[in-house]
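Letters A, B, ... mirror the listed sequences (proteins, then strands); counts begin at 1.
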Number of protein chains: 2
Amino acid sequence: MGSEVQLDAIDRGILNALQRDGRLSNVELAQRVHLSPSACLRRVKQLEEAGVIDRYVALVNPKAVGRPGTSFTIINLERTTPQVLAAFEQAVRDVPEILDCFFVAGSNDYLVRFAYRDAEDLERVHGEVLMHLPGVARANSMLVLRTVKKTTGFEL
Amino acid sequence: MGSEVQLDAIDRGILNALQRDGRLSNVELAQRVHLSPSACLRRVKQLEEAGVIDRYVALVNPKAVGRPGTSFTIINLERTTPQVLAAFEQAVRDVPEILDCFFVAGSNDYLVRFAYRDAEDLERVHGEVLMHLPGVARANSMLVLRTVKKTTGFEL
DNA sequence: AGTGAAAGTGCGGCTGC
DNA sequence: GCAGCCGCACTTTCACT
C-alpha cells in the first residue's frame, strides 16, 4: 500500500496543511503551496490514491459529547497463547468504550485507551468492562489529569 | 465552550457520519440522516459553532511518510515542583517527535506517544530526545508491536 | 418561534485543451 | 497553466406546527 512513496517539499506542504484543516478548498490550498489549482488537485488525488492520505475525519470535542475523561490502562493477560490473545482482541474490537488498543512489547501487555463520562462511569468501564474481557489477569489504569499535547498527524 | 449541549438522535447521526468521513457533502449527509439539505446544513453549522465539532483533519498513513513505529513512554521526573513541570511541558510542546503527552495520576508521571522511523531512530528519540528533556529521572518505553484498534472519534 | 422543504445564485471541483 | 461544464454550498423564501 502506501509504503515507499517519495514526497517532495510541496507534497509535505500539502500534507501539513491538510492535517491542520482537512476541509481546505483546493484553490486555497493551491495558493498556500504556490501551485495552480489544477496542479495542486492532481497532487492531492495522487496522495489519496497512493494511500498517503488515509481519510478525512471530523474531530468532536469530548467534553461536548459528555466524555471528558481519558484513561490509559495496561492490561495483563493470564496466559498468552494465540487463542487467548485472539479472543481478547476480538472482544476489544466489539467494545465501543475502548477507543484504542495496542499490543506492546516487554511483558505481553496491552495498552488500552478509553473515554469516560464521570467517576461512576470510569469505575463501570474499568471494573465491569475491562476486567471482564476474556483472559484478563490485571488492569492498571493511568488516569489522565491533564492533556499537555495531542496531535492527529505528523510534522513533515 | 462546547459543554452541556443537548444532542438528539439526528445530531448523533450527523456526528457519527462526519467522524467516519469528514468530507461528506452536505447533500449526501442530509439523505443519510433523512433530512433536507438546508436543515442538515443548519445543524452542522450549529454543531461547529457550539464547538461540538472541533475541526476537520486529514489523516495520513504513518508508513507512507516513513514513521511506521509507535512507542508509548512513561516518563518520571526527578522532582515535581510546578517549575519543573512547566519546564518539562514546554519542552515537550517544542519537540516535534512527541505526538501526545498526558500528565497521569498515581505517581506524577507523564505518558508520551511518539512515532519513529526505524530502530536507529527509536534509539535516538528515546535516548537523545526524551532522556534529555528537563527534569527526567526515568523513561520506560512500551513499544507497540501491533495496533489492535485505533479510533479518532466516539460511537454516539 | 422554531423546523423542514423548495428554488435561485455563485463559487469551486474537476475534465477537457 | 487555462477554460469549460456541472454540481454543490449557501441564501432566501415559503409552508407547517
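Remark: C1' of C:dG12 and CG of A:Leu24 are 14 Å apart, rounded to the nearest angstrom. The distance from atom CG of B:Leu35 to atom C1' of C:dT3 is 9 Å, rounded to the nearest whole Å. Rounded to whole angstrom, the span from the CD atom of B:Gln46 across to the P atom of C:dT3 amounts to 7 Å. Rounded to an integer number of Å, the gap from A:Asn26 CG to C:dC14 C1' is 9 Å. C:dG13 atom P lies 11 Å from atom CG of A:Leu18, rounded to whole Å. Distance, B:Arg23 CZ to C:dG12 C1': 12 Å, rounded to whole Å.
Reading DNA chain D from its 5' end, the first and the last nucleotide to sit under 4.0 Å from a heavy atom of chain A are D:dG1 to D:dC2.
The hydrophobic cluster analysis finds B:Leu41 isolated: no Ile, Leu, Val, Met, Phe, Trp or Tyr side chain comes under 4.5 Å of it, directly or through other members.
Few gaps surround CD on B:Gln90; more than 12 heavy atoms of other groups in view lie less than 6.0 Å from it. The local environment of CD in A:Glu28 is crowded, with over 12 non-hydrogen atoms from other residues, nucleotides or ligands closer than 6.0 Å.
Formation of a donor-acceptor pair under 3.5 Å by the A:Lys149 side chain with backbone atoms of B:Arg93 is found in this model. A distance-only check finds no donor-acceptor pair linking the side chain of A:Asn76 to the backbone of A:Arg138 [under 3.5 Å].
Residue contacts shown for A:Ser25 are limited to sugar-phosphate atoms, with no base heavy atom under 4.0 Å away. B:Arg43 comes within 4.0 angstrom of the backbone, heavy atoms only, and of no base.
Between B:Arg43 and B:Glu49 there is no salt bridge, since none of the side-chain N atoms of the basic residue sits less than 4.0 Å from a carboxylate O of the acidic one.
Mapped onto DNA chain C by nearest heavy atom, A:Arg42 and A:Glu28 fall at different nucleotides, with A:Glu28 at the one closer to the 5' end.
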